[in-house]
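Every number for a ligand or one of its atoms is a count from 1 in the order of the listing.
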Amino acid sequence: MAIEENLDNVQQRIRTACTACGRDPEEIVLVAVSKTKPNADILEARKASQLHFGENRAKELQDKMEEIEDDEIRWHFIGNLQTNKIKYMVERVDWIDSIHKKKALKEVEKRASRIGRHINVLIQVNISDEDQKSGCDPDDLEKILTYGQDLTYTHVRGLMGMATFTDDKEQVRNEFKLLKTLRDEHLHLVDGSVTLEHLSMGMTNDLEEAIEEGSTMVRVGTAIFGERNYT
Ligand SMILES: *Cc1c(COP(=O)(O)O)cnc(C)c1O
C-alpha cells in the first residue's frame, strides 16, 4: 500500500485548504491515526517523515510503542481514557487528546508530577448531536479549564472535537464553528498551564471544513492507511 503517496495527498489537501482560506499550512499539525493498523504501516509513514501518530486503545498503543521504540515519534492517545490507564499513558505518550473530566486532569497531574514528566492534553468537547460521542458538555469547560490553570506538569493546549457522522457538510461545519467559538469564549481563562492554542478537529472526510473553521490539528486515519476493518 502506498502510504507515502497517501500522506503526500493528505498534505496537499491541507495546503489547498489553507490556501483557500488564507492560512499558513505550517500552522496545521497532522496526526496520523494508525489505530488497527500494523506497525509496518506506522514505520512506512515514519519513513515519509510523519511524526505525530494517534491511537485510541491503550493496549494497542502499548504494544506498538514497545515494538517500535522511536523517540522521535509524538504519540497521541485519542480514545476513551479509563482512569486506570492514565498512569501508563502519562509515562509514555506526549499528548492525551481526549480528556473530558476534571477528575482525569487531576489524575494526569498526579501521575506526571510523581515522575516529573510533562504532558500535553486537549479537552474533548461534545460538539455533535450524537449522545454516544464522548467529550465534556460545553457548560463544563469553564470548570475544567479553571482547574487546569494551576497545574505544573499538565499543559492544556486546546480543545478537541468530533463532528457528527453525516454527509451534511453544513452541520459538520457548524459543529466545528461551535468548537472554535467555545475556544474563543474561554480565552480569558488562558493562564498558567492553560494555553488553548490548539483546536483538534477534522478527519479524513472533513479536514477541509475543519481547517476553514480554524483547526490547527487534524486527525487522519483512512486517507493515510486505508479503510479499517473495525473501529
Ligand atoms: C479513528 C479516529 C480518527 C480518524 O478517522 P478517519 O476518518 O479514519 O480519518 C480521528 N479521530 C478520532 C478520535 C478517531 O477515533
Side-chain angles (χ1 to χ4, degrees), residues 1-14 16-17 28-38 41-42 44-45 48 50-62 64 73-82 85 89 93-101 104 120-136 157-169 171-173 175-176 178-180 198-231:
M1 204 188 5
I3 290 172
E4 187 175 355
E5 204 180 310
N6 292 346
L7 262 173
D8 277 349
N9 285 337
V10 170
Q11 268 144 8
Q12 185 54 51
R13 281 176 66 187
I14 292 172
T16 305
I28 317 287
V29 177
L30 171 60
V31 179
V33 177
S34 46
K35 62 187 184 191
T36 82
K37 299 296 179 180
D41 289 7
I42 297 176
E44 203 175 324
Q50 178 60 32
L51 276 184
H52 291 258
F53 289 86
E55 290 281 339
N56 71 340
R57 283 189 170 85
K59 180 70 170 75
E60 186 176 336
L61 176 61
Q62 174 172 2
K64 286 176 171 175
I73 292 185
R74 308 286 89 166
W75 292 100
H76 291 240
F77 186 73
I78 61 172
N80 195 4
L81 189 60
Q82 292 162 286
K85 297 283 167 32
M89 291 301 158
V93 304
D94 301 284
W95 291 80
I96 300 175
D97 299 356
S98 46
I99 296 278
H100 58 267
K101 285 195 187 98
N120 298 304
V121 304
L122 301 176
I123 307 301
Q124 184 176 0
V125 187
N126 189 352
I127 51 169
S128 78
D129 65 4
E130 296 163 77
D131 286 343
Q132 75 272 23
K133 285 249 164 88
S134 43
C136 73
R157 307 282 303 272
L159 307 181
M160 189 271 251
M162 283 172 90
T164 302
F165 186 71
T166 170
D167 290 333
D168 183 347
K169 293 284 183 191
Q171 181 178 354
V172 166
R173 194 180 280 279
E175 292 173 356
F176 291 152
L178 171 62
L179 194 69
K180 167 87 160 56
H198 278 294
L199 274 181
S200 174
M201 56 190 198
M203 321 198 310
T204 291
N205 289 326
D206 52 24
L207 73 86
E208 283 82 3
E209 286 81 6
I211 288 173
E212 282 172 32
E213 298 306 332
S215 174
T216 65
M217 203 179 256
V218 291
R219 309 175 310 270
V220 179
T222 310
I224 298 172
F225 298 108
E227 295 289 339
R228 292 176 296 269
N229 294 326
Y230 60 102
T231 58

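- Shown in contact with T222 at under 4.0 Å from a heavy atom are these atoms of ligand 1, numbered in order with element: 6 (P), 7 (O), 8 (O), 9 (O).
- Those atoms of ligand 1 that come under 4.0 Å of a heavy atom in G221, given as number and element, are 4 (C), 6 (P), 8 (O), 9 (O).
- In this pair, H76 and W95 present their aromatic rings parallel. The plane angle is below 30°, not in the 30 to 60° band.
- Across N80, T204, V33, V31, heavy-atom proximity to atom 7 (O) of ligand 1 is greatest for T204.
- Minimum interatomic distance between G202 and A210 (heavy atoms only, all atoms of both residues): CA-CB, 3.4 Å.
- For atom 2 (C) of ligand 1, the choice among M162, R219, K35 with the nearest heavy atom turns out to be K35.
- The two residues F225 and I3 come nearest to each other via the heavy atoms CD2-CD1, 3.9 Å.
- Closest approach of A163 and V172 over heavy atoms only: CB-CG1, 3.9 Å.
- Nearest heavy-atom pair across I42 and K64 is CD1-CD, 3.7 Å.
- Considering backbone and side-chain N/O atoms, N205 never comes within less than 3.5 Å of an N/O atom of ligand 1.
- Atom numbering of ligand 1 starts at 1 in the shown order; those under 4.0 Å from a heavy atom of V220 are 9 (O).
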